[in-house]
Number of protein chains: 2
Amino acid sequence: MAMPTIYDVARHAGVSPATVSRVLNGRSTVDAGLRDRVNAAAAQLGYRPNSLARNLRRSTTNLWAVVISDINNPFFTALVRGVEDVGQGLGYSVVLCNSDENPDKEADYLRALLADQISGFIVSPTSRTENLAALHEAGRAVVAIDRRPRNLAVDTVLVDNEHGAREATTHLIEQGFRRIACITGPARLSTASRRLRGYRSALRAAGIEPDPALERHADFRQRGGYTAMANLLAARPAPDAVFVTNNLMTVGALECLADNDIRIPDQVGVVGFDDVPWATFIRPPLSTVTQPTYELGRTAATLLKARIDDPDRPPETATLHTTLHARASSRRP
Amino acid sequence: MAMPTIYDVARHAGVSPATVSRVLNGRSTVDAGLRDRVNAAAAQLGYRPNSLARNLRRSTTNLWAVVISDINNPFFTALVRGVEDVGQGLGYSVVLCNSDENPDKEADYLRALLADQISGFIVSPTSRTENLAALHEAGRAVVAIDRRPRNLAVDTVLVDNEHGAREATTHLIEQGFRRIACITGPARLSTASRRLRGYRSALRAAGIEPDPALERHADFRQRGGYTAMANLLAARPAPDAVFVTNNLMTVGALECLADNDIRIPDQVGVVGFDDVPWATFIRPPLSTVTQPTYELGRTAATLLKARIDDPDRPPETATLHTTLHARASSRRP
DNA sequence: CTGTTAGCGCATTCAC
DNA sequence: GTGAATGCGCTAACAG
């Protein structure tokens, strides 16, 4: 019933525990004959190293923690999947935590995980940088994802938010929309502010002065998108298009437009940031700025591994690119 | 920089490490004065118990593993969130693994996790029961979720699949649909077969003999739903409605219907199993059988805790209830 | 190249 | 009610 230990294997193979350890970890070179005997014994006993003991001894773990800010957002789960696939290949298990965009919850998690000897962290940071900074100062490998932490030099994986937003907005302008609104996220998150900036810069490039009355900050969730859209519809003169800076808020905005029987794109053109699986078959199909979500996760995992292997390398920022998918929701006849 | 150990706290408080341990675990009774000194010292040093050492000693962990079959399915992520919230409250961290509906990948994960001294498992099992059985025989606490494992008596959390499917199908019949098709999942999964059974029984109750030409088995993913729907559209006489037994396949089926310019519900009525956030604002709004997803996760977590606390209690099955949301996609004028 | 030894940090005997 | 001693299973020094 009890799992066999390294001593059982050693006895079975007629060698010392140290030799078993060496064979299993392939660190030191071992005589081929002994190696085979050890492997045979391990296989026969169904031996699996006890990670607790191994990790206690090495004072590290084979665990990565991914702390995301909204587990109900498919953007983050796709990303986690990228992390997981790479981590799995490297022998790491992935612990998933959901901070719910709540700095306190994030702090709790990180504090607990710090004590858990987790060997690497991938975090989509809330606004409060101290949580991440504490990890970083404790010497843990940390990669920030999706958002740039303020005043903290850690490896970071982002998309080109400003460029993606500019592209979306320019597309709306080219289609003849003029009073283009923007629903973005909390001002404290870099994702939200960069996308807003891209939106503004596209307007200015077209000779349109950004109008604060057409900008809204919401919470990156469905309900927030709904409310912001309802609010925008009351603006006078009303917007003729809207650029929504994340997927969940886009759902909310569309729901609001539907509730108000507003025709898309005739009355209001729509472009959303981040893809959704149903973009192509709703009527009209939804224009989106697609992020390479899975690839973001893979990249973060790769950076994390590099950081673990060489804690002293200079911090690096990887910026991946977005793609505009212009569909009928933003097309003027 | 190194984290303080129990010895540091002991020295600081002028007591023995054993006393510190006792205070921290509250098992044995300790003099109030000493207790306060220990707590003060621990707080001052920012002491956090090293879980590796603690768990090695106790030969268990504070880790739960959730092995789900598709991390891209919001159904499963919502469920995980339920598990996580309960686990977190009880002091457990949750490791998330994604078997991708692949029994080999599931086996790999479970084998690795078995060696990791994970204290509890929540699994949406693939068809191969041996993987779960191995865990169970090794004495680990296991809860199956979403699907009933064949020939294995473990705690299980399900919804009333047959009832939900019957309700959906009856609704379609009441609306006047007569050639009602069903797209269900792989026959080897209990979820798929129970929902198919509910569909058939509703037909029979209405005096309609189930027609094998209107039944399709797909893979519970979007592409599978698309293909099955395309395939059904070629059936003669064609179906006038379709009941799709999970959310991702419903997306695929809707996509296929849109591609073929088929009007819903005039030409084909649609009911999907499991809710989606955009059900209400697509046109026509989508009828769904809603599952209490988050609650499923919470229930599984509660059962798991009960199992850990009392390994000998008889296995229990919790069955939660679905709700039919009849919307325009299944309504005949 | 291989075996012996020690200790990672903690919880738990066992004495007192 | 408290402290000293032991070992969970493993890997890293150190000898040989």
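Numbered from 1 within each chain, the chains take letters A, B, ... in sequence-line order.
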Mind listing the residues from residues 41-57 of chain B sitting with a heavy atom below 4.0 Å of DNA chain C? Number order is fine.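 Output list: B/Y47, B/P49, B/N50, B/A53, B/R54, B/R57.
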
Check the phosphate of D/dA4 against B/S16, side-chain N and O only, distance under 4.0 Å to OP1 or OP2. Yes or no?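 No, outside the criterion.
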
For B/R58 and B/T19, take the nucleotide of DNA chain D holding the closest heavy atom to each; which residue's nucleotide lies nearer the 5' end?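 The 5'-side residue here is B/T19.
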
Can you find an N or O donor on one side and an acceptor on the other, under 3.5 Å apart, linking the side chain of B/R22 with the base of D/dG3?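 Indeed there is one.
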
Whole-Å distance separating the [atom1] atom of [X] from the [atom2] atom of [N]:
X     : N      : atom1 : atom2 : answer
B/N62 : C/dA11 : CG    : C1'   : 15 Å
B/R37 : D/dG1  : CZ    : P     : 16 Å
A/L24 : D/dC10 : CG    : C1'   : 11 Å
B/N25 : C/dG9  : CG    : P     : 17 Å
A/R11 : C/dT2  : CZ    : P     : 20 Å

Could you measure the distance from the CD1 atom of A/I6 to the CZ atom of A/R11? Nearest 0.5 Å is fine.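 Reported to 0.5 Å precision, the distance equals 12.0 Å.
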
For the pair A/D310 and A/K305, find out whether any cationic side-chain nitrogen is under 4.0 Å from an anionic carboxylate oxygen.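 No.
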
With a non-hydrogen cut-off below 4.0 angstrom, is B/T5 in contact with a base, only sugar-phosphate, or nothing?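 Counting heavy atoms under 4.0 Å across all strands, the contact made by B/T5 is with sugar-phosphate only.
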
